[in-house]
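These notes concern the structure reproduced below.
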Amino acid sequence: MPHSESAHTFQVDLRGLVDLLSHHLYSSPRVYLRELLQNAVDAITARQALDPSAPGTITVRTGDTLTVTDSGVGLTEADVHRFLATIGRSSKRTPDGVLDGAGLDAARGDFIGQFGIGLLACFVVADEITVLSRSAKDPSAPAVEWRGHSDGRYTIRALPASAVPEPGTTVRLTPRADNAEWTHPDRVVSLARHYGGLLRHEVTVVDQRGTGHRVNEAPPWDRTHRSPLARREAMTAYCRELFDFTPLDAIELDLPAAGLHGVAYVLPTAVSPAQRRGHRVHLKGMLLTDQAHELLPEWAFFVRCVVDTTSLRPTASREALYEDGTLSAVRDALGERIRDWLTGLAASDPSLLHRFIDTHHLAVKALARHDDELLRIVLPWLPFETTDGNVTLEEFARTHPTLLVTRSVEEFRQVAPIAAAAGLGVVNGGYTYDRDLVLRLPEIRPGTAVTDLDPATVTAHLDAVDPAAELRAAAFLSLARETIAVHDCDVVLRDFQPVTAPALLLDNREARHERTRSSMAADSDGLWADILGSLRHETPRAQLVLNHLNPLVRQAITISERGLAVTTAEALYGQALLLSRRPLRASESALLNRAFIGLLTHAMHDPGTAAPGSEPRKEL
């Protein structure tokens with residue numbers, strides 16, 4: 001039996017569609033005014049394509065009802081049937097690519113939105129919308145009124161041309177009670193300025209008293225200024241007005257091929273790379289979004305931009321940028337522009353470069369890691385934490401031909417006082433990007449050697465103790481090695497500065513990893529223990545270096561009582577652990593508690609014996 005086939009048309013539930021728009025497509029009901037302004041701008045664009053001398057004005061009137069009137073191309077009754085009765089159809093082009101009724105080839109890029117969809121968005125705040133229009137294409141055509149309701153009903157009626165004296169369109173809507181706030185006069189002025197502040201056509205908001213407020217003006221990069229200084233001041237003033245901060249500098253952005261113009265403002269305070277600021281992007285003058293994180297490369301988190309473009313594509317909601325090849329190319333080009341500004345500062349304004357690096361050195365370091373030319377230019381200016389303080393590598397390398405770089409902040413803080421006293425040049429490589437940059441210093445400064453810090457290097461620069469003193473301390477050292485050995489640590493006696501440091505714990509990351517592996521293997525069983533055991537590496541043990549010049553150590557090595565000597569050795573090891581500033585393991589925390597209790601117990605049971613390094617207790 002043959003199958004029959006019949007054609008059907010989708011039935012659109014307008015209320016459901018409006019709910020979809022308001023809750024899922026648009027971020028807020030406030031976009032209704034943006035859509036009305038977009039329609040008005042496109043209507044003016046269409047009319048000026050017919051007659052370049054035609055006026056271009058948009059007037060928004062507030063009150064119990066809100067109206068938006070434009071001097072655009074207007075609609076005939078046939079246009080109304082085609083574009084307002086069919087959801088989603090564009091009034092901007094015919095299927096042949098010709099501007100409707102204009103008889104001209106027109107690029108779709110001249111327009112911002114779609115009239116039908118834009119008008120539909122108004123149902124987000126109102127249940128009834130009235131469109132009153134007179135066409136500029138056919139002066140003899142009657143005016144037309146379209147009245148639509150949110151339940152899908154609409155009526156159309158023709159009016160005499162005298163009912164609308166001039167060509168153009170007026171959209172009138174009465175807000176629902178639950179959305180009345182969006183049509184309040186002050187809110188309308190704010191929204192019109194927010195969305196339409198850079199529109200090229202005059203936009204005026206008229207309140208109930210008849211007072212008009214011009215809400216848009218040309219951006220500072222499009223104005224004529226009497227001097228470069230005046231232009232710079234105008235850019236700065238615009239930043240204060242728009243973003244509420246005074247920038248370190250303003251970087252003009254001009255990409256004619258992409259139809260993009262604007263400015264990037266350098267933030268005056270440091271920001272985290274994770275807290276990327278949103279950029280303001282206008283599409284043909286209309287604000288698209290003020291949260292366009294994707295406009296610039298991730299490393300450019302130290303600037304905030306405002307741009308106007310004709311080439312970037314919006315998403316369906318027209319509240320974000322569509323990620324495509326054009327956006328990728330624009331992002332790269334803008335990144336190159338900011339990079340050129342940065343590299344040019346070294347020659348044009350060294351004082352500004354200093355201020356910038358003081359504020360945003362993390363961003364510069366992030367970029368310099370992957371940019372050889374920028375690395376060569378800015379590395380001599382970047383500050384690093386060293387044993388000589390916070391200095392540039394250029395300055396540090398003048399006094400230290402060999403630079404030792406640590407892998408972590410803890411390693412640096414552990415050895416910095418001793419290394420500085422021994423004349424070693426150590427750079428803290430534990431901060432983000434620092435180690436990678438330090439290791440590349442020989443590329444731009446031949447003759448400078450950079451190596452990772454090895455604990456053995458520090459030990460080699462510590463002075464050996466007099467043999468007689470080493471012999472006198474032999475008994476204590478032997479007991480200390482036996483006590484501390486359970487922590488995979490050896491004990492040695494040296495002379496070093498500063499005298500105030502009683503002990504130094506020399507350890508490296510590999511040794512700590514090996515101890516962690518061994519501890520996990522000991523606590524595991526079966527297959528997991530076998531796997532951990534197979535990963536065993538022979539690594540040097542940590543070293544507890546006792547400072548023979550320190551009075552506490554000098555007194556400690558004379559202790560003959562075994563119990564007190566063990567407690568003292570544990571206390572010295574615990575103090576060195578604390579000075580290393582690295583996280584303590586559970587066993588190390590227990591050792592510190594045990595040593596403290598042991599010393600306290602010894603002092604309480606033997607009042608005549610003072611703790612090592614202290615004055616003997618006097619009897620009362």
Side-chain angles (χ1 to χ4, degrees), residues 361 365 379-466 469-470 489-512 539-550 552-553 572-573 575-582:
H361 56 86
K365 289 177 179 179
L379 189 56
W381 301 77
L382 292 172
F384 290 82
E385 185 178 6
T386 74
T387 45
D388 289 353
N390 284 323
V391 297
T392 65
L393 291 183
E394 182 73 22
E395 180 181 352
F396 194 58
R398 291 195 195 108
T399 54
H400 301 284
T402 298
L403 273 61
L404 305 173
V405 58
T406 65
R407 292 178 177 269
S408 68
V409 175
E410 291 79 9
E411 288 175 354
F412 176 80
R413 291 174 176 171
Q414 179 181 333
V415 304
I418 289 84
L424 296 175
V426 182
V427 182
N428 186 352
Y431 294 117
T432 306
Y433 312 129
D434 281 16
R435 183 169 176 273
D436 292 342
L437 292 174
V438 175
L439 291 175
R440 296 191 63 184
L441 181 61
E443 297 177 23
I444 63 172
R445 200 178 194 280
T448 302
V450 178
T451 60
D452 285 325
L453 177 68
D454 188 323
T457 304
V458 179
T459 305
H461 283 77
L462 304 181
D463 296 331
V465 177
D466 180 77
E470 182 92 30
C489 184
D490 197 9
V491 181
V492 296
L493 188 65
R494 295 287 188 272
D495 288 341
F496 58 87
Q497 297 292 334
V499 175
T500 54
L504 169 66
L505 183 62
L506 293 178
D507 201 357
N508 59 35
R509 180 174 298 182
E510 288 75 15
R512 290 199 298 271
T539 57
R541 304 174 75 192
Q543 278 193 334
L544 176 64
V545 185
L546 303 181
N547 187 1
H548 185 249
L549 300 179
N550 180 267
L552 174 62
V553 174
L572 288 171
Y573 178 70
Q575 186 176 17
L577 278 173
L578 294 176
L579 290 175
S580 72
R581 302 186 185 183
R582 64 173 174 81

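- In this view, Pro383 and Ile357, His361 satisfy the side chain to side chain contact (heavy atoms under 4.5 Å, CB included) rule, not counting sequence neighbours.
- Side-chain contact between Asn428 and Val409: present, with at least one pair of heavy atoms (C-beta onward) separated by less than 4.5 Å.
- Here the closest non-hydrogen pair linking Asn547 and Pro498 is ND2-O, 3.2 Å.
- Among all heavy-atom pairs drawn from Val427 and Phe412, the shortest one is C-CD1, 3.9 Å.
- Without hydrogens or angle criteria, Thr387 side chain to Leu424 main chain gives a donor-acceptor distance under 3.5 Å.
- Here the CG-CG distance, from Leu546 to Leu572, works out to 6.0 Å after rounding to the nearest 0.5 Å.
- Residue Leu493 comes nearest to Val465 through the heavy atom pair O-CG2, 3.3 Å, listed as atom of the first residue, atom of the second, then distance.
- Every pair passing salt bridge (charged side-chain N to carboxylate O under 4.0 Å, His left out) that includes a residue from residues 385-406 is listed here, sequence neighbours excluded: Glu394-Arg445.
- Among residue pairs with one or both ends in residues 417-444, those qualifying as salt bridge (charged side-chain N to carboxylate O under 4.0 Å, His left out) are Lys365-Asp434, Arg369-Asp436, Asp372-Arg440, Arg435-Asp452, Arg440-Glu443; sequence neighbours excluded.
- The backbone N or O of Gly429 lies less than 3.5 Å from a partner atom in the side chain of Thr406, making a donor-acceptor pair.
- Here the straight-line distance linking atom CG of Asn550 with atom OG1 of Thr500 works out to 7.5 Å at 0.5 Å rounding.
- Expressed to the nearest 0.5 Å, how far CG of Leu393 lies from CG of Leu437 amounts to 8.0 Å.
- Across all non-hydrogen atoms, the minimal contact from Val426 to Ala419 is CG2-CB, 3.7 Å.
- Taking all atoms of both residues into account, the shortest heavy-atom contact from Pro502 to Leu552 is CB-CD2, 4.3 Å.
- Tyr573 approaches Cys489 most closely through the heavy-atom pair CE1-SG, 4.0 Å.
- Note that NE2 of His548 and CG of Asp466 are 8.0 Å apart. Values are rounded to the nearest 0.5 Å.
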